[in-house]
Structure formats: structure tokens, C-alpha cells
K.L.:
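Sharing a structure here in C-alpha cells format.
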Amino acid sequence: MIRLKEKYNKEIKTTLSKEFNFKNPMLIPSLEKIVISVGAGELAKDTKVLQNVADTISLIAGQKAVITKAKKSVASFKVREGFPVGVMVTLRKNNMFVFLDKLISIALPRVKDFRGLSREGFDGRGNYNFGLNEQLMFPEVEYDKILRTHGMNISIITTANSDKEAQRLLELIGIPFAKGRQNG
């Protein structure tokens with residue numbers, strides 16, 4: 001079984017149940033999905049670079065990433081309908097736990113001058129978003145095969161009803177938050 005999933009089922013569920021006094025086990029917050037996305041911006045003009053970004057994200061996530069297309073034309077952004085605008089992948093179940101374990105134990109410790117993730121990334125509904133500046137911290141990524149370094153946005157969607165519950169869930173999972181203000 002996956003290490004992080006086992007930890008959630010054996011330890012974290014009971015801890016959350018006691019801390020927040022959940023009577024019904026179905027109300028205990030859990031991870032629903034993780035979405036990794038990259039906005040193409042200037043990369044969208046070069047299909048070779050965009051495909052390289054998609055391949056890199058697929059390698060990092062362990063699941064095939066898709067190139068997203070614009071739904072509407074926006075003249076001020078010089079974007080037409082159907083124009084590629086980014087790359088994304090949605091991870092659920094085991095893939096989600098494997099990626100999160102790799103992020104916490106391997107990738108984040110490799111970030112230079114890392115002082116923890118900001119607690120400001122909660123959206124008020126129990127979901128957490130943060131960005132990474134480059135993809136080189138992941139062990140699968142080979143520097144020589146990258147055409148251009150890029151950042152990525154990672155969204156962790158939970159079933160928690162509040163930011164406080166979600167923050168505690170992520171702390172227990174092992175997300176390294178920066179020292180400072182607690183969400184309430």
C-alpha cells in the first residue's frame with residue numbers, strides 16, 4: 001500500500017476525528033484530488049516547447065498531462081478560440097498520494113532557501129493552492145531534455161468544510177508550512 005495513504009487511514013483520520021469532534025466518520029476531511037497546471041503564456045506560440053512542458057508535467061505527475069485550449073477568443077490577450085493556453089493534469093486516488101509523498105519528501109527539500117509554504121494559499125472552502133518556480137526539483141526531470149524552465153501551480157482539493165480543518169489535515173500529512181500565522 002502507498003505509505004501516505006496508509007498513514008492517513010491509520011493515524012490522521014483518528015487524530016482529526018478527536019481534534020474536531022467528528023461523530024460521523026464520513027465527515028472527516030480527506031484529499032479529493034490534486035491539480036497540477038502550467039499557464040503557457042508566451043510558450044503557446046511554439047508547439048514544440050508546449051509539448052515539452054506537457055511531457056515534463058506527465059513525467060512529474062506519473063500520469064499523462066493534457067494541453068488545454070482556450071474556450072473563447074480574447075483579443076486583448078491575442079488568444080483565439082481553440083488556441084493552446086496551458087497544460088494540466090488531475091491526480092486522484094493512489095496517483096495523488098504518490099505525487100504528494102514525492103513532493104513532500106523529495107522535491108520541496110531540494111528548493112533553495114526553502115522556508116515552508118505560505119499559509120495564505122487557502123481559498124476559504126478548504127482547498128490549498130501554491131506555486132513552484134521551476135520543475136528541476138523533481139528527480140525525474142533531466143536538465144538536458146528541458147527546452148525551457150517553467151513554474152507550475154499545484155492545487156490540493158480536500159473535502160474539508162473550513163480552512164482550519166484543511167490546514168490541520170495538510171499539516172498531519174506532512175506539508176511543510178512556513179512558521180507564522182494560523183488560519184482560523
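Only this structure's heavy atoms are used, side chains among them; waters, hydrogens and symmetry mates stay out.
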K.L.:
Go through the side-chain N and O atoms of N21 and K23 and say whether any donor and acceptor fall under 3.5 Å apart.
P.N.:
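A pair is found: one side chain offers a donor N or O, the other an acceptor, under 3.5 Å apart.
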
K.L.:
Answer yes when E6 and R3 have at least one side-chain N-carboxylate O distance shorter than 4.0 Å, and no when they do not.
P.N.:
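No, E6 and R3 are not salt-bridged.
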
K.L.:
Provide the closest heavy-atom pair for K164 versus F20 in the form atom of the first, atom of the second, distance.
P.N.:
O-CZ, 4.0 Å

K.L.:
Run the side chain to side chain contact (heavy atoms under 4.5 Å, CB included) check on V98 and L4 step by step: do they pass?
P.N.:
CA-CA 8 Å; V98 169; L4 208 54; over 6 Å; no

K.L.:
Look at the side-chain heavy atoms of Ile, Leu, Val, Met, Phe, Trp and Tyr, link any pair under 4.5 Å apart, and say whether L27 and L31 land in one connected group.
P.N.:
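Yes.
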
K.L.:
Looking only at atom types and distance, does a side-chain atom of T68 sit under 3.5 Å from a main-chain N or O of G86, one as donor and one as acceptor?
P.N.:
yes

K.L.:
Hey, does the side chain of T158 reach the backbone of G126 with a donor-acceptor pair shorter than 3.5 angstrom?
P.N.:
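At least one qualifying donor-acceptor pair exists.
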
K.L.:
Find out whether D163 and D123 are in side-chain contact, i.e. whether some heavy atom of one side chain is under 4.5 Å from a heavy atom of the other.
P.N.:
yes

K.L.:
Can E165 and L16 be said to form a side chain to side chain contact (heavy atoms under 4.5 Å, CB included), step by step?
P.N.:
CA-CA 8 Å; E165 290 174 7; L16 286 172; over 6 Å; no

K.L.:
If I take atom OG from residue S17 and atom CG from residue N24, how far apart are they, to the nearest 0.5 angstrom?
P.N.:
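It is 9.5 Å, given to the nearest 0.5 Å.
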
K.L.:
Might you point out which heavy atoms bring P84 and L50 nearest each other, and give the distance in Å?
P.N.:
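Looking at all heavy atoms of both residues, the shortest contact is CB-CD2, 3.4 Å.
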
K.L.:
Roughly how far, to the nearest 0.5 Å, is CZ of F83 from NZ of K69?
P.N.:
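So the NZ of K69 and the CZ of F83 are separated by 10.0 Å.
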
K.L.:
Just wondering, are more than 12 heavy atoms of other shown residues or ligands nearer than 6.0 Å to CG in N133?
P.N.:
no

K.L.:
At their closest point, which heavy atom of Q63 faces which heavy atom of T90, and how far apart are they?
P.N.:
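So the minimum-distance heavy-atom pair works out to NE2-O, 2.7 Å.
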
K.L.:
Which is it for D101 and I2 under the side chain to side chain contact (heavy atoms under 4.5 Å, CB included) test, yes or no, and what are the steps along the way?
P.N.:
CA-CA 9 Å; D101 196 14; I2 290 124; 5.6 Å; no

K.L.:
Could you see if I104 belongs to whatever hydrophobic cluster contains L169? Use Ile, Leu, Val, Met, Phe, Trp, Tyr and a side-chain cutoff under 4.5 Å.
P.N.:
yes

K.L.:
Rounded to the nearest 0.5 Å, what's the gap from NZ on K33 to OG on S155? Could you check?
P.N.:
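Separation between the atoms: 9.0 Å.
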
K.L.:
Check whether V35 and I175 end up in the same hydrophobic cluster, where Ile, Leu, Val, Met, Phe, Trp and Tyr are linked by side-chain heavy atoms less than 4.5 Å apart.
P.N.:
no

K.L.:
Got a second to check how far I156's CD1 is from F122's CZ, nearest 0.5 Å?
P.N.:
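So the CD1 of I156 and the CZ of F122 are separated by 8.0 Å.
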
K.L.:
Taking I157 as the starting point, is it possible to reach L170 by hopping between hydrophobic residues whose side chains are less than 4.5 Å apart?
P.N.:
no

K.L.:
Can you see which heavy atom on I57 is nearest to which on A65, and at what distance?
P.N.:
CG2-CB, 3.9 Å

K.L.:
What's the spacing between N94 CG and M96 CE if we round to 0.5 Å?
P.N.:
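Here the rounded value is 8.5 Å.
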
K.L.:
At what distance, to the nearest 0.5 angstrom, does CD of Q167 lie from CG of L172?
P.N.:
10.5 Å

K.L.:
Should K93 and E32 count as an ion pair when the cut-off is N to O under 4.0 Å?
P.N.:
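No salt bridge links K93 with E32.
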
K.L.:
State, yes or no, whether a side-chain contact exists between R125 and N161 at a heavy-atom distance under 4.5 Å.
P.N.:
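Counting from C-beta outward, R125 and N161 never come under 4.5 Å.
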
K.L.:
Run M88 and V66 through side chain to side chain contact (heavy atoms under 4.5 Å, CB included) and show every step you take.
P.N.:
CA-CA 6 Å; M88 70 169 280; V66 295; 4.0 Å; yes

K.L.:
Answer yes if the ring centres of F130 and Y128 are under 6.0 angstrom apart, and no otherwise.
P.N.:
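Yes: the rings meet the under 6.0 Å criterion.
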
K.L.:
Measure the shortest side-chain to side-chain distance between S37 and N153 over non-hydrogen atoms and say whether it is less than 4.5 angstrom.
P.N.:
yes

K.L.:
Do L91 and F97 share a hydrophobic cluster, counting only Ile, Leu, Val, Met, Phe, Trp and Tyr and linking them when any side-chain heavy atoms are less than 4.5 Å apart?
P.N.:
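L91 clusters together with F97.
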
K.L.:
Specify the closest pair of heavy atoms between E81 and K71, including all atoms of both residues, with the distance to one decimal.
P.N.:
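It is CG-O, 3.4 Å.
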
K.L.:
Any carboxylate oxygen within less than 4.0 angstrom of a Lys/Arg side-chain nitrogen, looking at E19 and R168?
P.N.:
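The answer is yes: the pair qualifies as a salt bridge.
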
K.L.:
Minimum heavy-atom separation for I36 to A61, with atom names?
P.N.:
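For I36 and A61, the tightest heavy-atom pair comes out as CD1-CB, 4.0 Å.
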
